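For reference, the structure discussed in these notes is given below.
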Amino acid sequence: MASTVVVQHQTQPSFSTLTSSLSDFNGTRIHSQIQQYRRKVLQPKVGLQITASSEKNILIMGGTRFIGVFLSRLLVKEGHQVTLFTRGKAPIAQQLPGESDQEFAEFSSKILHLKGDRKDYDFVKSSLSAKGFDVVYDINGREADEVEPILDALPNLEQFIYCSSAGVYLKSDLLPHCETDTVDPKSRHKGKLNTESVLESKGVNWTSLRPVYIYGPLNYNPVEEWFFHRLKAGRPIPIPGSGIQVTQLGHVKAAGFPEPELVHYNPKEFDFGKKKAFPFRDQLRRQSMCSDGNLSLTWWKVLQTHTT
């Protein structure tokens with residue numbers, strides 16, 4: 001048995017002065033010298049891809065809304081026995097766009113269901129102990145006390161894979177984030193940080209994934225729609241600040257719309273009430289690369305990785 005660890009070696013940031021074209025609030029173009037930080041990291045010579053050497057008995061906490069829907073299909077196709085732990089309020093299997101009737105029927109016949117409330121800790125411990133799962137993918141966990149009964153029920157667990165969020169990081173001008181960056185214990189995702197601490201203290205083999213924004217079919221938080229609705233209507237795209245914010249989506253897509261007008265504004269001059277001034281985190285960029293910059297690929301590969 002071996003656990004999967006992603007390690008990034010890095011030296012102190014170096015500094016370089018680059019010429020960049022920026023936009024001010026009035027939409028005019030200005031050219032200035034800006035300081036950008038670069039992380040220098042050691043790159044692995046080859047990609048690492050790990051698959052299970054045998055069929056695993058896998059539990060997915062959640063699995064009927066978005067990420068887990070596609071993850072469960074992937075695991076079933078790889079020959080694993082997959083059980084979804086849900087409250088039973090949504091169908092365990094639903095046919096996906098582009099999925100044939102035969103594919104859907106095959107998946108539906110193989111997926112198992114364990115109905116219950118994950119906050120009913122006694123039920124979680126008793127039901128999971130009886131099943132003896134090898135691997136757990138926790139897709140919907142939010143608080144640390146939610147994972148303790150899982151770990152208590154599965155003392156021989158081979159791997160615990162936890163879906164966290166990039167929102168746990170302390171806001172920084174040094175982007176993109178690396179695994180060793182400082183986190184914010186006061187963030188609204190602090191429960192996920194506490195969960196990672198519990199996993200570490202229990203001595204279990206664990207992996208925490210901190211994706212930024214993931215989108216695709218069944219996305220229940222479609223932040224990208226904001227842009228496409230405005231593009232379809234021929235409206236400009238308002239961008240808070242100078243427009244050098246950086247973020248990341250799971251993948252990119254082309255829509256065929258003409259290039260939109262970008263309007264820069266100061267969000268402090270407007271009252272948005274309880275609504276967000278911008279769909280994404282308004283975070284600026286002061287460096288260009290961390291590792292190979294392909295965090296979405298890393299996220300997807302690790303999501304598919306289990307203990308060998």
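Model, not experiment: these values are computed from the prediction.
With rounding to the nearest 0.5 angstrom, the NZ atom of Lys202 is 5.0 Å from the CG atom of Asp152. Distance OG/Ser126 to NZ/Lys131: 11.0 Å, rounded to 0.5 Å. For the atom pair OH (Tyr169) and CD (Glu179), the distance works out to 5.5 Å, reported to the nearest 0.5 Å. Remark: Asp122 CG to Ser127 OG distance equals 10.5 Å, nearest 0.5 Å. Atom CG of Leu84 sits about 4.0 Å away from atom CD1 of Ile111, to the nearest 0.5 Å. Interatomic distance, CG of Asp184 versus NZ of Lys171, reported as 11.5 Å (0.5 Å rounding).
For Glu99, the side chain to side chain donor-acceptor pair (under 3.5 Å) criterion is met by Arg73, not counting sequence neighbours. For the side chain to side chain donor-acceptor pair (under 3.5 Å) test, no residue two or more places apart in sequence or in another chain qualifies with Gln94. For Asp145, the side chain to side chain donor-acceptor pair (under 3.5 Å) partners two or more places apart in sequence, or in a different chain, are Tyr121.
With hydrogens and angles disregarded, no donor-acceptor distance shorter than 3.5 Å links the side chain of Arg87 to the backbone of Asp117. Put simply, the side chain of Ser201 gets close to the backbone of Val198: a donor and an acceptor are under 3.5 Å apart. A donor-acceptor contact shorter than 3.5 Å links the side chain of Lys192 to the backbone of Cys163. Judged purely by atom type and a 3.5 angstrom limit, Asp134 uses its side chain to pair as donor or acceptor with the backbone of Asn57. For the pair Tyr162 (side chain) and Gly141 (backbone), a donor-acceptor distance under 3.5 Å is present.
Among all heavy-atom pairs drawn from Ala153 and Lys125, the shortest one is CB-O, 3.4 Å. Of all the heavy atoms in Val69 and Ser72, the pair that sits closest is O-OG, 2.9 Å. Contact between Arg230 and Pro236 at its shortest, heavy atoms only, is NE-O, 2.6 Å. Residues Pro211 and Ser164 share a closest heavy-atom pair of CD-O, 3.5 Å. Considering all non-hydrogen atoms of both residues, Leu128 and Leu154 come closest at O-CD2, 3.5 Å. Minimum interatomic distance between Phe133 and Ile58 (heavy atoms only, all atoms of both residues): CD2-C, 3.8 Å.
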Legend entry - Verdict with reasoning, Leu218 to Leu96, per side-chain contact (heavy atoms from CB on, under 4.5 Å): CA-CA 9 Å; Leu218 307 182; Leu96 299 178; 3.6 Å; yes
Legend entry - CA sep, side-chain torsions, deciding dist, call: Val168, Arg210, side-chain contact (heavy atoms from CB on, under 4.5 Å): CA-CA 8 Å; Val168 303; Arg210 295 173 176 174; 3.6 Å; yes
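Residues Trp206 and Val183 do not share a hydrophobic cluster, clusters being chains of Ile/Leu/Val/Met/Phe/Trp/Tyr side chains in contact below 4.5 Å. Following chains of ILVMFWY side-chain contacts shorter than 4.5 Å, one cannot reach Leu193 starting from Val147, and the two form parts of different hydrophobic clusters. Placement of Ile67 and Val82 within a single hydrophobic cluster is found when ILVMFWY residues are connected by side-chain heavy-atom separations under 4.5 Å, directly or transitively. Under the 4.5 Å side-chain heavy-atom criterion for ILVMFWY residues, no single connected hydrophobic cluster contains both Phe104 and Ile92.
With a 4.5 Å cut-off on side-chain heavy atoms, Phe85 and Val124 count as touching. Residues Leu170 and Asp181 fail the side-chain proximity criterion, which asks for heavy atoms closer than 4.5 Å. Using a 4.5 Å heavy-atom cutoff, the side chains of Ile237 and Trp226 are in contact. No side-chain heavy atom of Gln159 sits under 4.5 Å from any side-chain heavy atom of Lys56. Using a 4.5 Å heavy-atom cutoff, the side chains of Lys77 and Phe107 are not in contact. Residues Glu158 and Asn205 fail the side-chain proximity criterion, which asks for heavy atoms closer than 4.5 Å.
Using a 4.0 Å cut-off between charged nitrogen and carboxylate oxygen, Glu146 and Arg142 do not count as a salt-bridge pair.
Remark: Glu106 CD is loosely packed, at most 12 non-hydrogen atoms of other residues, nucleotides or ligands lying under 6.0 Å away.
Of the N and O atoms on the side chains of Arg118 and Asn140, at least one donor lies less than 3.5 Å from an acceptor on the other residue.
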